[in-house]
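Everything on this sheet refers to the single structure shown next.
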Amino acid sequence: MEKERFYITTAIAYSSRKPHFGNTYECIMTDAIARFQRQMGKEVYMLTGTDEHGQKIEGCAAEAGVTPQEYVDQVSGEIRRIWDMMNVRYDGFIRTTDPEHVRRVQHIFRKFYEQGDIYKSEYEGWYCTPCESFFTETQVVDGKCPDCGRPVERSREEAYFFRMSKYVDRLIAHIEANPDFIQPESRRKEMVNNFLKAGLQDLCVSRSSFRWGIPVPFDERHVIYVWVDALSNYITALGYDPDKEEQPELFRRFWPADVHIIGKDILRFHTIYWPIFLMALGLPLPKKVFGHPWFNSGVDKMSKSRGNVIYADDLASLISVDGVRYYALAEMPYAADGSITYESVVNRYNTDLANNLGNLVSRTHAMAMKYFDGHVPPSGPVSGPDAELREAVLRAREESRRLMESYHIADALDAIFGMLRRANKYIDETTPWALAKEPKMRDRLGAVLYNLLESIRIGGILLAPFLPETSEKILLALGSEKKEYASTEVFGGLEAGAALGPSCVLFARIDEAAFLAARAAEAEQAATKETFAKESAQKEQNEKGKDRIAAKGNDRNPVEERAPADPDEEHPGIIGIKDFMKVELRAGRILSCEKVPKAKKLLRLEVDLGEETRQIVSGIAKEYTPEELCGKTVAVVVNLAPATLCGIESRGMLLASGGDRIRVLFLDPETPLGARIR
RNA sequence: CGCGGGGUAGAGCAGUCCGGUUAGCUCGUCGGGCUCAUAACCCGGAGGUCGUGAGGUUCAAAUCCCACCCCCGCAACCA
């Protein structure tokens, strides 16, 4: 009989910088599912890879003084190194710069064009270079990018568009007929209500403003924009090429994918544009798209400027690879965002891995060594709590399987660890050390230890998809050859008389206080270094304007150093006093203030600037009530171009701290109204 | 009235669809037990008006209905 097949993918990682914990989590999660499916006897193909085109990478490479190809070679290698280190066992690793991928994407693009799905038109709008995005008039906020807040430019370019409208109805019908298509559930409604039913616009699928991309085959001035390029990886990696008479075996065997595992931020592209591209190619749609939640760092989004970025490889050096895997898999809820803190890392590690799992193995192994000279004793008749233990073991097996089938990974792990807890309790119930003192209880003692060893053996096998190394170690300690899932069906697979392996400490306990202190010290050091690096880099650039050459090799993290990550992390360059004086800041008093109806964040203010009174709209409604602002003296940017927000004109801007906690900058009430601030 | 999800012990969650035993679980906390083990393990206690409404339906509501409040996604509007 032919094996059932299972095709699972991660999103391909964007190669502009080193992936942080959230990216790595996705890969670990996907790997756990893939390993589980292999354990279930399926023929699995797990695909991951790197997305290597785009203007941002072009820019990063230029800054680093290397070619884009050299740049992505390095980053892609780094990403792959981390995946490998985390024991992610992928079957395919695609890079969007692979020549085969490039050629196939060109064929796909041409096919779309030839069948009339792609047409040439002109795009005019506001363009944000760092985000590589065009925005419409209504999206742009006061001349700035709505995503990153940096200035946008008026830009017009000839571009190719994909006729989405043609397929929308079919897609809606598909989503409605397949309620499981988008997971978790809540995401499905977001997509359907926010995008599909609201009216889907044609998608711009080419760019001519940069070169680092796959050229449009029939129009060399254009490169194929990210989505046709990146999304296609799921089929090109299997060898799909629309020009081929017959698709290769790999493709025929594995398409359609069973599930695409992706971050919730790109759900829209995977549940709307990707299915439509597939429809246009006449291919079946993936069975499921799972938009996993994000890991936040404590309460904040992870970001370097907050000094709270955690990298998986760094963490692995502290708590082991399986420690990281366990943490990521156990801590992340199914649908809501999870949060990572060092406290919870240590707590999870100590309580679950060291105390519950590690110590169970350790104490059981020690007793078997001491009382039975390192051999598996024969199992005796079932008595006392034996039945309950066995039942717990088999139930954990069923539960974890059921939960894994629906991608409830944390819950599946919980089921297994619950069983381990039951085994610890069993030791207290049966008190083997007391039995050991009575020679006539020898058989009972053997039975008790047998039950424990067998429970651990089954547990070790069940843990294999999540903690592959630990699973190996457990089975090695038991000296058991039986590692296949089938051997867990019946309690009693362990053979009496077999010799145990050497004892081992699976997870040494961590001293929480010392651990946290060390992390705090590191963070401080890193922050200092970061500031220093930035400053000297800027100095260098300003003074000589020379290109910097990326340090290679010994630099611990060269990628991170040169790629300014998120917009909010970018530090301002050094400016002269002239530049500063371009910004006209003046003191004003808030005369009146009210919430903008229908707006969540906006307050409409009348501000007295001495000479004049201005209407300013400010996005601080979540932090301040109108009452507490009235009468306050504030700093206002008065020469900012007017913007229209929610239909209300705003002329100027209040100074306030940004980020998650917005705090308005209040001035001394004695400040004369209209006074220039500098 | 944009769309969706959620408010359950100090924290994180399950239970809600298909109303019904003392509202569970993990962590934390307090007390006890044990000594095989990684100061680990086991037991017990305290701690909950299940967001609010002396609302509705019902013999019975965390669970169904209604109203309101708050939080989080997505979208929009962070000047």
Side-chain angles (χ1 to χ4, degrees), chain A residues 138-144 146-147 149 184-195 197-198 264-265 267-268 291 293-294 330-331 333-339 343-344 347-348 350-371 410-411 414 417-418 421-436 445 448-449 452 503-511 596-603 616-623 636-638 640-656 658-660 662:
Chain A
T138 56
Q139 286 175 305
V140 168
V141 187
D142 193 31
K144 302 243 177 71
D147 284 348
E185 170 84 16
S186 59
R187 303 283 164 201
R188 183 182 101 223
K189 291 174 181 159
E190 277 176 15
M191 292 304 127
V192 173
N193 292 330
N194 286 335
F195 298 102
K197 295 207 166 149
K264 62 179 185 178
D265 54 328
L267 202 64
R268 180 170 136 205
W294 281 122
E331 193 71 13
Y334 181 72
D337 280 354
S339 105
E343 285 86 348
S344 67
N347 193 32
R348 274 279 178 196
N350 277 344
T351 58
D352 292 346
L353 295 177
N355 298 353
N356 186 11
L357 170 61
N359 187 43
L360 171 69
V361 173
S362 177
R363 64 200 299 213
T364 302
H365 190 277
M367 286 191 281
M369 289 308 264
K370 196 189 288 186
Y371 304 140
D411 295 326
D414 198 50
F417 277 77
R421 253 176 256 122
R422 183 64 190 82
N424 271 315
K425 177 174 174 168
Y426 177 82
I427 297 182
D428 274 57
E429 289 168 335
T430 53
T431 59
W433 55 90
L435 296 174
L445 175 62
V448 163
L449 282 176
L452 282 168
S503 69
C504 64
V505 172
L506 297 176
F507 299 95
R509 268 184 70 84
I510 292 171
D511 180 327
V596 175
K598 291 201 295 183
K600 262 190 199 165
K601 297 186 189 171
L602 301 183
L603 290 180
I616 292 174
V617 180
S618 183
I620 52 177
K622 284 194 160 183
E623 319 282 332
V636 178
V637 183
V638 293
L640 194 63
T644 303
L645 302 171
C646 251
I648 299 173
E649 190 186 41
S650 176
R651 297 176 57 229
M653 170 171 135
L654 293 197
L655 288 192
D660 293 340
I662 297 169

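- Every side-chain contact (heavy atoms from CB on, under 4.5 Å) that A:D511 has, sequence neighbours left out, goes to A:A513, A:A514.
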What dot-bracket string describes RNA chain B from 5' to 3', counting Watson-Crick and G-U wobble pairs whose defining distances are under 3.5 Å, with [ ] for crossing pairs and | for pairs to another strand? .(((((((.[[[[.)....(...]]]].(((((.......))))).....[[[.[[..)....]]]]])))))).....
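- Side chains of A:N356 and A:N424: a donor-acceptor N/O pair is present below 3.5 angstrom, by distance only.
- Residues that satisfy the side-chain contact (heavy atoms from CB on, under 4.5 Å) test with A:K370, not counting sequence neighbours, are absent from this structure.
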What pairs of nitrogen or oxygen atoms, one from the protein and one from nucleotides 3-5 of chain B, lie under 3.5 Å apart?
from	atom 1	to	atom 2	distance (Å)
B:rC3	O3'	A:N193	ND2	3.3
B:rC3	O2'	A:N193	ND2	2.4
B:rG5	OP1	A:K189	NZ	3.4

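- Distance noted for atom P between B:rU8 and B:rG45: 24 Å (whole Å).
- Taking the nucleotide of RNA chain B with the nearest heavy atom to each of A:G652 and A:M191, the more 5' of the two is matched to A:M191.
- For A:F507, the ring-ring contact (aromatic ring centres under 6.0 Å, His included) partners at least two apart in sequence or on another chain are A:Y349.
- Counting to the nearest Å, the P atom of B:rC41 and the CZ atom of A:F417 are 13 Å from each other.
- The salt bridge (Lys or Arg N to Asp or Glu O under 4.0 Å) test applied to A:E429 returns A:R422, not counting sequence neighbours.
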In 5'-to-3' order, the base (B), backbone-only (S) or no-contact (-) status of each nucleotide in nucleotides 25-38 of chain B, using a 4.0 angstrom heavy-atom cut-off, is -SS-----BSSBBB
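- When the side-chain contact (heavy atoms from CB on, under 4.5 Å) test is applied to A:V505, the partners found at least two apart in sequence or on another chain are A:A508.
- Applying the ring-ring contact (aromatic ring centres under 6.0 Å, His included) test to A:Y371 and every residue at least two apart in sequence or in another chain returns nothing.
- Not counting sequence neighbours, the partners of A:D428 by the salt bridge (Lys or Arg N to Asp or Glu O under 4.0 Å) test are A:R363.
- No engagement by A:S344 is indicated, since no non-hydrogen atom pair under 4.0 Å with the nucleic acid exists.
- Listed by chain and residue number, A:E331, A:D352 satisfy the salt bridge (Lys or Arg N to Asp or Glu O under 4.0 Å) test with A:R348 (two or more places apart in sequence, or in another chain).
- Note on A:V192: nothing from the nucleic acid sits closer than 4.0 angstrom, heavy atoms only.
- A:R509 pairs by the salt bridge (Lys or Arg N to Asp or Glu O under 4.0 Å) definition with nothing, not counting sequence neighbours.
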